[in-house]
Amino acid sequence: MKPSTKDFYQRVYEVVAKIPEGKVTSYGVIAGYLGVESGARMVGYALNNYDPEQLGYHIPAHRVLNRLGQLTGRAFFEDDSMRERLEQEGVEFTSEYTVNFNKHFWNPFDEL
DNA sequence: GCCTTGACGTTAG
DNA sequence: ACTAACGCCAAGG
C-alpha cells in the first residue's frame, strides 16, 4: 500500500504526541523514524500545517527542535511560549534558544 | 507547469 | 571551528 503524504503527516503527529514531558527530539530523527531520512523539512512542514481541530487532538510541537537543539520554530509560537513551555517542563537551556540536547534528547525507538 | 520558499541536514571550503 | 552551498520534497504563487 502506497504511503501518501497525508499518512506521513498523520504519522508525524502520532510520533510527536508520544514525546514525554521534559523531553525533546529533532525533525531529522522523526523523519528517519518514519523511513524518510531526507524528509526533515517535511516534518517541520507537517507541524506548520497541523490543525488541532481537524486532527482531533493537540500535540506538543514545542518539543521538536532542529539537530542542534535550537528552537528554530519559535517564530510560529506566540512570543516566547515555546521556550517558556520547555523551561516549565524542566528542560535545561545551554543558551537563549538552545536546549541541552544531551540531557533531554528523546529517541522514538526508545519507545519500543 | 515552472519557479520560489522553507519548523532541516550534510558536505565542502 | 565557522560559513557557504547544495540536496531534499511538498506547497503555494
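Only heavy atoms go into these numbers, but all of them, side chains included; no hydrogens, no water, no symmetry mates. Being a predicted model, the structure only gives us computed values, none of them experimental. A, B, ... follow the sequence lines: proteins, then strands. Residue 1 opens every chain.
Relative to the six-membered ring of A/Tyr27, A/Arg67 misses at least one condition, a distance below 6.0 Å or an angle of at most 45° to the axis.
Between the side chains of A/Tyr97 and A/Asp80, a donor-acceptor pair is found at a separation under 3.5 Å.
Between A/Glu87 and A/Arg83 there is a salt bridge, with a side-chain nitrogen of the basic residue lying less than 4.0 Å from a carboxylate oxygen of the acidic one. With respect to A/Glu89 and A/Arg63, a salt bridge is recorded, a charged nitrogen being found less than 4.0 Å from a carboxylate O.
Neither OP1 nor OP2 of C/dG7 sits under 4.0 Å from any side-chain N or O of A/Ser38.
Nucleotides B/dT4 and C/dC6 are separated by 16 Å at their C1' atoms, to the nearest Å.
The minimum heavy-atom distance linking A/His62 with A/Arg85 is given by the pair CE1-NH1, 3.5 Å.
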* Structure fact -> Given protein heavy atoms under 4.0 Å, the one-letter contact record of nucleotides 7-13 of chain B, with B base, S sugar-phosphate only and - none, is simply BBSB---

